[in-house]
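Take a look at the structure set out below.
Here is the naming used below: chain letters follow the sequence lines, and residue numbers restart at 1 for every chain.
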Amino acid sequence: MVRLKDLPAEDLFTSGHRLCAGCGAGIIARMTMKALRGPTIVVNATGCLEVASTIYPYTAWKVSWVHVAFENAASVAAGIEAAYKAMMRRNAWDKKVDIIAFGGDGGTFDIGLQALSGALERGHDFLYICYDNEAYMNTGIQRSGATPHGAATTTSPAGTKIPGKPEFKKDLIGICAAHGIEYAATASPAYWNDYITKVRKALEVDGPAVIHVFSPCPVGMRFDSAKSIEVARLAVQTRYWPVYEVEKGKYKLNIKVPKPKPVTEFLKVQGRFRHLFQPQFKHVIDEIQQYVDENWKRITELCGEA
Amino acid sequence: MSESKPGWKSIPIAGILLEPGSAMKYKTGSWRAFRPVIDEEKCIGCFLCWIYCPDGAVIREEKSVKINYDYCKGCGICANECPAKAITMVEEKR
């Protein structure tokens with residue numbers, strides 16, 4: 001637990017970056033930088049955060065930062081960690097350096113999954129943060145493996161027959177936890193205390209750690225930029241986004257939602273689900289509600305709460 | 001854009017950036033359509049606007065906050081999240 005007053009006032013992710021107004025990734029990057037414990041290197045896969053924070057010749061980062069290709073953020077983070085280990089062995093370096101890799105959902109769920117899996121399996125000491133805005137927002141809202149059922153994107157448009165994306169979302173933390181890593185967690189920026197505590201905890205873990213954080217996107221999810229945090233909070237309060245952690249294989253529910261709001265509360269504020277409120281697609285909303293309920297039941301059972 | 005730009009001979013190898021946080025030179029305040037205005041009387045100093053600001057445009061002070069209009073993009077998250085309703089969004093007139 002932290003207090004806002006105790007957090008460092010200085011921003012290591014500075015103003016002047018060119019993320020859209022109300023961008024969730026900007027909030028997440030700033031919050032992450034508040035949880036650092038020492039010298040840090042940030043590895044950034046291609047994505048909104050990368051292209052908007054370092055438009056040449058400017059950089060919004062005050063920590064060492066390296067841009068890599070779409071697919072290999074985890075591999076590069078692993079390489080940096082191995083290089084520091086080798087330098088320490090030769091007495092050329094003596095400080096502990098934390099390595100954080102940032103990837104969007106496209107760079108994690110689809111393109112970078114293989115590199116992430118390899119790095120987790122080899123057990124490198126780094127933290128991977130997936131900021132999940134649920135589509136390829138940077139290139140103009142294409143569907144990804146993280147796009148939820150029923151969401152309209154440019155490659156899964158809402159037509160008269162097919163209402164948005166037919167498939168469901170992958171369980172990233174399930175995949176990561178199956179590697180037997182020490183720490184994996186989900187988070188939401190609306191619960192800043194939970195998120196910052198988790199980043200710090202994940203950095204302190206000796207070995208790989210993964211944090212999967214919901215990133216509201218006013219442009220791609222189509223809502224008013226002022227509602228970013230509200231949407232991130234609704235995602236948790238409707239049980240759409242269960243916030244839990246897996247520590248040494250043990251699941252723990254961090255935010256209990258005893259009285260969930262109906263999932264329509266979360267859907268109706270976003271333009272990407274607007275078509276579902278036509279009478280002929282009412283069954284899709286029921287499908288989403290059913291999925292959310294089943295997913296919540298599965299997670300709470302794993303956490304031993306049910 | 002009339003000033004001459006640096007070429008490949010004058011920039012560092014691989015175009016690495018040697019100045020941390022140089023984006024501070026780029027003022028994003030001109031993006032703003034609505035300007036957040038803080039009512040100092042109502043502010044309870046909870047600093048939620050400070051932590052939720054995507055642009056780091058809220059300056060944390062001892063008991064209250066100030067807005068840095070050089071960088072504020074006017075997204076309105078601070079006004080929406082303020083528990084004391086101390087922030088209002090006013091249309092920007094230039």
**Message:** If I measure from the heavy atoms of chain A, does B/Tyr26 come under 4.5 Å with its side chain, its backbone, both, or neither?
**Reply:** both

**Asked** With only heavy atoms counted, which part of B/Cys78 is less than 4.5 Å from chain A, the side chain, the backbone, both or neither?
**Response** neither

**Item:** Minimal non-hydrogen separation, B/Pro54 against A/Cys23, with atom names
**Value:** CB-O, 3.5 Å

**Prompt:** Is the side chain of A/Thr59 donor-acceptor paired with the backbone N or O of B/Pro20 at a distance under 3.5 Å, no angle test?
**Reply:** no

**Complete:** Closest heavy-atom pair, A/Ser225 versus B/Cys75, reported as atoms and distance to 0.1 Å, is OG-O, 2.8 Å

**Message:** Check this for me: B/Lys85, atom NZ, are more than 12 non-hydrogen atoms of other residues, nucleotides or ligands nearer than 6.0 Å?
**Reply:** yes

**Message:** Out of A/Gly26, A/Gly22, A/Cys20, A/Ser53, return the one with the most heavy atom pairs under 4.5 angstrom to chain B.
**Reply:** A/Gly22

**Asked** Should the heavy atoms of other residues, nucleotides or ligands under 6.0 Å from CZ of A/Arg37 be counted, would the total exceed 12?
**Response** yes

**Region of B/Glu62 in contact with chain A, defined by heavy-atom distances below 4.5 Å** = backbone

**Prompt:** Given side chains that start at C-beta, do those of A/Ile27 and B/Ile77 come closer than 4.5 Å, heavy atoms only?
**Reply:** yes

**Prompt:** Given a strict heavy-atom distance threshold of 4.5 Å, which part of B/Ser22 is in contact with chain A: side chain, backbone, both, or neither?
**Reply:** both

**Message:** Using heavy-atom distances under 4.5 Å, tell me whether B/Ile51 contacts chain A through its side chain, its backbone, both, or neither.
**Reply:** both

**SG on B/Cys49 to CD1 on A/Ile229, rounded to 0.5 Å** = 12.0 Å

**Message:** Testing the basics here: between A/Tyr191 and B/Tyr52, what is the closest heavy-atom pair and its distance to 0.1 Å?
**Reply:** N-OH, 4.4 Å

**Fill in**
Note: A/Thr14 and B/Ala23 closest approach over all heavy atoms is OG1-CB, 4.2 Å

**Request:** Determine the minimum heavy-atom distance between B/Asn80 and A/Glu230, stating which atoms define it.
**Result:** ND2-OE1, 2.8 Å

**Request:** May I ask you to name which of B/Gly29, B/Cys72, B/Cys53, B/Gly74 has the most heavy-atom pairs under 4.5 Å with chain A?
**Result:** B/Cys53

**Fill in**
CH2 (B/Trp50) and NZ (A/Lys5) are apart, to the nearest 0.5 Å, by 12.0 Å

**Message:** Does any part of the side chain of B/Glu19, heavy atoms only, come nearer than 4.5 Å to the side chain of A/Pro57, both counted from C-beta?
**Reply:** no

**Request:** Sort out for me which of A/Ala190, A/Ala25, A/Gly24 touches chain B most, counting heavy-atom pairs under 4.5 Å.
**Result:** A/Ala190

**Prompt:** Can you tell which of B/Ala57, B/Gly76, B/Gly56 has the highest number of heavy-atom pairs within less than 4.5 Å of chain A?
**Reply:** B/Gly56

**Request:** Hey, could you give me the CD/NZ distance between B/Glu81 and A/Lys227, rounded to the nearest 0.5 Å?
**Result:** 11.5 Å

**Prompt:** Is it the backbone or the side chain of B/Ile59 that comes under 4.5 Å from a heavy atom of chain A, or both, or neither?
**Reply:** neither

**Prompt:** Given that the side chain runs from C-beta out, which part of A/Leu7 has a heavy atom under 4.5 Å from chain B: side chain, backbone, both or neither?
**Reply:** both

**Pairwise distance NZ(B/Lys73) to CZ(A/Arg18) - rounded to 0.5 angstrom** = 9.0 Å

**Message:** Quick check: closest heavy atoms across A/Tyr58 and B/Leu17, and the distance to 0.1 Å?
**Reply:** O-CD1, 3.4 Å

**Fill in**
One option among A/Ile196, A/Leu19, A/Asp11 has the most heavy-atom pairs under 4.5 Å with chain B, and it is A/Leu19

